Amino acid sequence: MANNPLSDRWLSLVRVGALMNQRIEHALSEKYDLCVSAYEIMEVLSHEAEWIRPGEVSARTSRSQPQVSRLVTQMVDAGYVAREPSPGDGRSSQIRLTDSGHRIFAEAAATVEDVLGRIAEENADARTLIG
């Protein structure tokens, strides 16, 4: 069998990433009724003091524009995100986290850190990747 150090490291990364996503997805869903995709969108919004367009959120995440739009609608319905028409362009909108969204995101971020810490304690590859 050939020695493929780059392929081996890549596969370790894929496996650890899948483990992290699975455990984080479970914790976020159970505690906050959020998915990893919504968490990622909230993370981008948490850094913005002003309104931002959903297309900009899509560009800063690993999520497509339609996926961002769908999740933003769900988060608006949940009260985590506010949406209004963009000034000067009635066809587009702008969004930002609400106070409730900031609060839930802070709690969810602490949960994510806890999950990642536990994974790093039990998995040598994770420990190497996230130190």
Side-chain angles (χ1 to χ4, degrees):
M1 184 181 268
N3 182 9
N4 297 310
L6 289 177
S7 295
D8 292 345
R9 289 195 321 221
W10 169 71
L11 284 172
S12 291
L13 175 65
V14 168
R15 290 175 183 130
V16 169
L19 173 68
M20 290 176 181
N21 279 334
Q22 179 185 37
R23 293 220 189 140
I24 290 169
E25 187 83 44
H26 178 75
L28 291 176
S29 175
E30 187 175 275
K31 292 183 177 189
Y32 310 104
D33 198 27
L34 291 175
C35 62
V36 168
S37 299
Y39 177 87
E40 185 180 8
I41 291 166
M42 292 175 88
E43 190 275 334
V44 169
L45 294 175
S46 74
H47 297 289
E48 295 296 323
E50 301 297 322
W51 294 91
I52 183 173
R53 290 184 177 203
E56 178 65 23
V57 173
S58 178
R60 292 190 201 175
T61 65
S62 62
R63 311 300 165 191
S64 67
Q65 178 101 23
Q67 188 177 23
V68 168
S69 294
R70 181 180 54 78
L71 288 165
V72 163
T73 296
Q74 291 173 1
M75 289 187 285
V76 167
D77 292 345
Y80 300 151
V81 171
R83 178 175 42 205
E84 68 176 29
S86 291
D89 185 359
R91 296 172 297 156
S92 65
S93 63
Q94 54 189 18
I95 58 175
R96 68 177 176 191
L97 281 182
T98 62
D99 290 342
S100 176
H102 279 286
R103 192 169 43 259
I104 290 296
F105 176 74
E107 292 175 20
T111 297
V112 168
E113 288 294 314
D114 181 55
V115 170
L116 290 173
R118 283 186 272 127
I119 291 170
E121 287 175 4
E122 66 190 42
N123 184 299
D125 286 337
R127 212 171 14 263
T128 299
L129 289 170
I130 62 177

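From a predicted model like this one, the values you see are computed outputs, not experimental measurements.
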Check: Is there any ring-ring contact (aromatic ring centres under 6.0 Å, His included) pair reaching into residues 100-120, and which pairs are they, with sequence neighbours excluded?
Finding: Tyr39-Phe105

Notebook entry, point to check: Between atom CD1 of Ile119 and atom CG of Leu19, what is the distance when rounded to the nearest 0.5 Å?
Noted result: 4.5 Å

Next item on the list: Could you name each residue pair satisfying salt bridge (Lys or Arg N to Asp or Glu O under 4.0 Å) that touches residues 12-39, not counting sequence neighbours?
Entry: Arg23-Glu122

Notebook entry, point to check: Is Ser58 reaching over with its side chain to a backbone N or O of Pro54, donor-acceptor style, under 3.5 angstrom?
Noted result: no

Item checked: Closest approach of Thr61 to Val44 (non-hydrogen atoms, all atoms of both residues) -> CG2-CG2, 3.5 Å

Margin query: Test of understanding: with side-chain hydrogen bond (donor to acceptor under 3.5 Å, both in side chains), list the residues that count as partners of Gln67, not counting sequence neighbours.
Written below: Ser37

Next item on the list: Enumerate the residue pairs fulfilling salt bridge (Lys or Arg N to Asp or Glu O under 4.0 Å) with a member in residues 56-65, sequence neighbours excluded, ordered by first and then second residue.
Entry: Glu40-Arg63, Glu48-Arg60, Glu56-Arg60

Next item on the list: Mind checking the CZ-OG spacing from Arg9 to Ser12? Nearest 0.5 Å is all I need.
Entry: 9.5 Å

Margin query: Under the rule for side-chain contact (heavy atoms from CB on, under 4.5 Å), what residues qualify as partners of Gln94, not counting sequence neighbours?
Written below: Trp51, Glu84, Ser86, Pro87

Check: Between Val81 and Thr98, is any pair of side-chain heavy atoms under 4.5 Å apart?
Finding: no

Using residues 109-116 as the side-chain source, report each donor-acceptor pair under 3.5 Å to any protein atom, sequence neighbours left out, with the distance given to one decimal.
from: Thr111; atom 1: OG1; to: Tyr32; atom 2: OH; distance (Å): 2.7
from: Thr111; atom 1: OG1; to: Glu107; atom 2: O; distance (Å): 3.2
from: Asp114; atom 1: OD2; to: Arg118; atom 2: NE; distance (Å): 3.2
from: Asp114; atom 1: OD2; to: Arg118; atom 2: NH2; distance (Å): 2.8

Notebook entry, point to check: Passes side chain to side chain contact (heavy atoms under 4.5 Å, CB included), Ile52 versus Ile95? Steps please.
Noted result: CA-CA 5 Å; Ile52 183 173; Ile95 58 175; 4.1 Å; yes

Name the atoms and distances for all side-chain donor-acceptor pairs under 3.5 Å in residues 124-131, with sequence neighbours left out.
from: Arg127; atom 1: NH1; to: Ala120; atom 2: O; distance (Å): 2.5
from: Arg127; atom 1: NH1; to: Glu121; atom 2: O; distance (Å): 3.1
from: Thr128; atom 1: OG1; to: Ala124; atom 2: O; distance (Å): 3.0

Could you go through residues 70-79 and list every donor-acceptor pair under 3.5 Å that involves a side-chain atom there, pairing it with any protein atom two or more places apart or in another chain?
from: Thr73; atom 1: OG1; to: Ser69; atom 2: O; distance (Å): 3.1
from: Thr73; atom 1: OG1; to: Arg83; atom 2: NH1; distance (Å): 3.3

Note to self: Using 0.5 Å steps for rounding, measure from the CD1 atom of Ile24 to the CG atom of Leu34.
What the structure shows: 12.5 Å

Check: ring-ring contact (aromatic ring centres under 6.0 Å, His included): which pairs involve residues 62-92, sequence neighbours left out?
Finding: none

Next item on the list: Quick one: name the residues clustered hydrophobically with Leu11, using the 4.5 Å side-chain heavy-atom rule over I, L, V, M, F, W, Y, and just say none if it's on its own.
Entry: Trp10, Val14

